[in-house]
Amino acid sequence: MSIIQPRTLQGFRDFLPDVMMARESIMERARTVFRSFGFAPIDTPALEYLEILTGKGGEETDRQLYRFEDHGGRKVGLRFDLTVPLARFAAQHIGQLGTPFKRYHLGTVWRGERAQRGRYREFMQCDFDTIGTTSLVADIEIVQVIHDLLLAIGIERFRVHINNRKVLNGLLERFELSDRTGPVLRALDKLPKIGREAVEQELCEAAGLSSEQAERVLTLAEIHGSNESILEQLEPLVAGSQRGEAGLDELRRTVEACAAAGVGTDRLQIDVSIARGLDYYTGTVYETFLTDLPTIGSICSGGRYDDLASLYTKQQLPGVGASLGLDRLLAALDELKLLEKAHTPADLMVAYFDKTRLHDYLRIAAELRRGGLAVECYPEPKKLGQQLKYADRKGFPYVLIAGDREFAENVCQLKHLASGRSETLSLENRAEAVIRFVRERAVS
RNA sequence: GUGGCUGUAGCUCAGUCGGCUAGAGCGCCAGAUUGUGGCUCUGGAGGCCGGGGGUUCGAGUCCCCUCAGCCACCCCA
């Protein structure tokens, strides 16, 4: 009988314990931060009716959609982001939930595009959105969440780039080119990649601007400098456009409020060149870059939308939110060698030292677990040296060793592998001395 | 979805012009007088050379197909 070659599909991956533990650690930290702002968890199905998913988004997302017929002949698709499911969810449940509604959602999404570094066909997004309010406070809070989130994950060197779509839309309005925002934004998004001339060409050819208009748009998109300086430079460009002025005002208020809320000025940058590809954003937009690896792309992006769920309900639901790309972030951290790769989640290993003492070891391990420690018992009475070697490789901080000598006095040795030092600790009172010792020295 | 580059041990890679039984380092397993790991020494396991087909007396090496990874486009987390 021939063996089936074990393999995974392009863009789909296995996760080994070392990576998976880093992944779960980030998820836990993300949840903690989301909750600290009052966002509540939700979940939705991976599979949706195709008509739900194909409504918005446009051709590109349609092409990337995994779609098929289910066993009952229904046309269905795998979700490609968490925003469309949120829209459907909100249309169905907002009556019970009330507004403003703040939710977070960690979920796997699927896109049938070509995989690359930091881009996969199956990946996890960590979304957080506030819907049902137009207040700029919600926009400001998104920046705070991104800020706290990255710090909680242990990333110090990052920068949140923000922009406001109304600024550019105001300018286009004056040119009577409001219907071209999509192509214009898509062209501008490429500015750092393909350069000014190529973008100008695309603006004229794909978006139909005159070269004079393209020049104006490019001047706008090329503004850079400190936040104050950008705000100053934008003023004359949007003057006369109500929408543009409103966008500028929102940018200014966001920057000021974030500073007041403790987001360092070096971590929030107005960047008029960012646009976000998705057409449904109408106000603030966000992208987040790692200072040490900007080429991996934005690891946390989002924006404000006027009407999230217009396809599914007549009730207008404005909102603002963003999404942490967990797998892209993980790829970046791996590349930057910032991933702590432990191979075990346990605090302590109990050595199977004396083969007649199995019951004692099992009892001690159970007592330690009841005290809140994660404990693994070595399964074979091998030589102690080998057990220590195993514990060291797996990354256990401590090994508990007890033989006749220790049991005679009802104590154990607790060996700290990194330093090689051993402590003698009492096993009385359900080993509480050991529990306290390990807990006090646990690194968060 | 389009185009380019790459694929040899768990990992990083060498392998000449097509020619002996496919190699190295690291890692892994075992041992070096039966209560203490990391260093050292000795030994060992582990490869259908990504998969399939073709050319040839002979293919890891050349050609075609396919799968996967990376890069660019597109798009985006």
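What's counted below: heavy atoms across the whole structure, side chains too, no hydrogens, waters or symmetry copies. Quick note on labels: first sequence line is chain A, next is B, and so on, each numbered from 1. Owing to the predicted nature of the structure, the values given are computational and were not obtained by experimental measurement.
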| said: Tell me whether A/Glu406 contacts the main-chain N or O of A/Gly403 through its side chain, where contact means a donor paired with an acceptor under 3.5 Å. | reply: yes
| note | Separation of B/C75 atom P from A/Leu65 atom CG, nearest Å, is 18 Å
| task | Both distances under 3.5 Å, Watson-Crick or G-U wobble: report the partner of B/U42, or none. | result | B/A30
| With respect to the side chain of A/Gln64, which nucleotide from B/C75, B/U2, B/C76 is positioned closest? | B/C75
| Length of the CZ-C1' vector between A/Arg119 and B/C70, whole Å | 13 Å
| Say you pick atom P in B/G43 and the same atom in B/G50; how far apart are they, in whole Å? | 30 Å
| task | Looking at every strand, decide which applies to A/Asp327 at a 4.0 Å heavy-atom threshold: base, sugar-phosphate, or nothing. | result | nothing
| Rounded to the Å, how far apart are A/Asp129 CG and B/A77 P? | 12 Å
| field | Whole-Å gap separating P (B/G35) and OH (A/Tyr361) | value | 12 Å
| task | Could you measure between the two P atoms, the one in B/G69 and the one in B/U33, and give it in whole Å? | result | 49 Å
| request: Quick one: label A/Glu122 by what it contacts on the DNA or RNA (base, sugar-phosphate, nothing), any heavy atom closer than 4.0 Å. | output: nothing
| Among B/G31, B/G38, B/C70, the nucleotide that comes nearest once only the side chain of A/Arg117 is considered | B/C70
| field | Atom-pair distance (CD on A/Glu335; C1' on B/C70), nearest Å | value | 11 Å
| Nearest of B/G1, B/C70, B/G27 to any side-chain atom of A/Arg114? | B/G1
| said: Whether A/Glu287 and A/Arg159 form a salt bridge (side-chain N of Lys/Arg under 4.0 Å from carboxylate O of Asp/Glu) is what I want to check. | reply: no
| note | Between the OH atom in A/Tyr286 and the CG atom in A/Asn163, the distance rounded to the nearest 0.5 Å is 11.5 Å
| Taking the six-membered ring of A/Tyr281, is the NZ or CZ of A/Arg304 close enough (under 6.0 Å from the centre) and on axis enough (within 45°)? | no
| Is it true that atom CZ of A/Arg7 has more than 12 heavy atoms of other residues, nucleotides or ligands lying nearer than 6.0 Å? | no
| request: Please state how far atom CZ in A/Phe80 lies from atom P in B/G1, giving the value in whole angstrom units. | output: 18 Å
| said: Does the structure show a Watson-Crick or G-U wobble partner for B/C17, both distances under 3.5 Å? Name it, or say none. | reply: none
| Side-chain-base donor-acceptor pair under 3.5 Å for A/Gln386 and B/G31 | no
| said: Both A/Gly403 and A/Gln10 contact RNA chain B. Which one's nearest nucleotide lies toward the 5' end? | reply: A/Gly403
| request: Using a cut-off of strictly less than 4.0 Å, decide whether A/Lys389 has a side-chain nitrogen or oxygen near OP1 or OP2 of B/C28. | output: no
| With rounding to whole Å, what would you report as the distance between B/A9 and B/A22 at their P atoms? | 15 Å
| said: Which is more 5' along RNA chain B, the nucleotide nearest A/Gly297 or the one nearest A/Ala418? Just name the residue. | reply: A/Ala418
| request: Answer yes or no for A/Arg13 and A/Tyr120: cation-pi contact, defined as NZ/CZ to six-membered ring centre under 6.0 Å and angle to ring axis within 45°. | output: yes
| Which nucleotide, in any strand shown, forms a Watson-Crick or G-U wobble pair with B/U6, with both distances under 3.5 Å? | B/A68
| Among B/G35, B/G3, B/A77, which nucleotide sits nearest the side chain of A/Tyr120? | B/A77
| request: Rounded to whole angstrom, note down the C1' distance from B/A68 over to B/G15. | output: 23 Å
| query | Partner of B/C74 by Watson-Crick or G-U wobble geometry, both contacts under 3.5 Å, or none? | reply | none
| query | Within the pair A/Lys383 and B/A32, is there a side-chain N or O less than 4.0 Å away from OP1 or OP2? | reply | yes
| remark: Ranking B/C28, B/G35, B/U36 by distance to the side chain of A/Lys415, first place goes to B/U36
| task | Report which part of the nucleic acid A/Ile299 touches: base, sugar-phosphate, or nothing (heavy-atom distance under 4.0 Å, all strands). | result | sugar-phosphate
| task | Kindly point out which of B/A77, B/C67, B/G35 is positioned nearest to the side chain of A/Glu113? | result | B/A77
| field | Side chain to side chain, A/Cys126 and A/Phe34, heavy atoms closer than 4.5 Å | value | yes
| said: Counting the atoms with a prime plus P, OP1 and OP2 as sugar-phosphate, which does A/Asp404 contact under 4.0 Å by heavy atoms, base, sugar-phosphate, or nothing? | reply: base
| request: Using atom CZ of A/Phe158 as one end and atom C1' of B/A77 as the other, report the distance to the nearest whole Å. | output: 17 Å
| said: When you compare the ring of A/Phe123 with the six-membered ring of B/A77's base, are the centres less than 5.5 Å apart and the planes under 30° from each other? | reply: yes
| query | If we take the C1' atom in both B/G27 and B/C70, what is their distance in whole Å? | reply | 25 Å
| Nucleotide B/G38, atom P - distance to OH of A/Tyr390 in whole Å | 17 Å
| query | Which value, in whole Å, describes the distance between the P atoms of nucleotides B/C49 and B/U61? | reply | 10 Å
| request: Could you please name the option among B/C74, B/C76, B/U36 that lies closest to any side-chain atom of A/Arg111? | output: B/C76
| Mate of B/G47 where both pairing distances stay under 3.5 Å, Watson-Crick or G-U | none
| remark: The Watson-Crick or G-U wobble partner of B/U55, with both key distances under 3.5 Å, is none
| request: Assign A/Lys355 to base, sugar-phosphate, or nothing according to its heavy-atom contacts below 4.0 angstrom with the strands shown. | output: nothing
| Which nucleotide in B/G1, B/A77, B/G35 has an atom nearest any side-chain atom of A/Arg328 | B/A77
| Does NZ or CZ of A/Arg441 lie under 6.0 Å from the centre of the six-membered ring of A/Phe437, at an angle within 45° of the ring axis? | yes
| said: Which nucleotide wins on minimum distance to the side chain of A/Gln413, given the candidates B/U36, B/C74, B/A77? | reply: B/U36
| said: Rounding to an integer number of angstrom, what distance separates B/U66 and B/C26 when you compare their C1' atoms? | reply: 33 Å
| query | When we call it a touch if two heavy atoms are under 4.0 Å apart, what does A/Gly420 touch: a base, just sugar-phosphate, or nothing? | reply | base
| said: At 4.0 Å (heavy atoms only), tell me whether A/Ile401 reaches a base, stays on the sugar-phosphate, or touches nothing. | reply: base
| query | Below 4.0 angstrom from OP1 or OP2 of B/G37, is there any side-chain N or O of A/Gln387? | reply | no
| message | Any non-hydrogen side-chain atom of A/Leu86 less than 4.5 Å from a side-chain atom of A/Arg103? | response | yes
| Of the nucleotides B/U36, B/C71, B/A77, which has the atom closest to the A/Gln116 side chain? | B/C71
| message | Suppose you measure atom C1' in B/A59 against the same atom in B/U2; what distance do you get, rounded to whole Å? | response | 32 Å
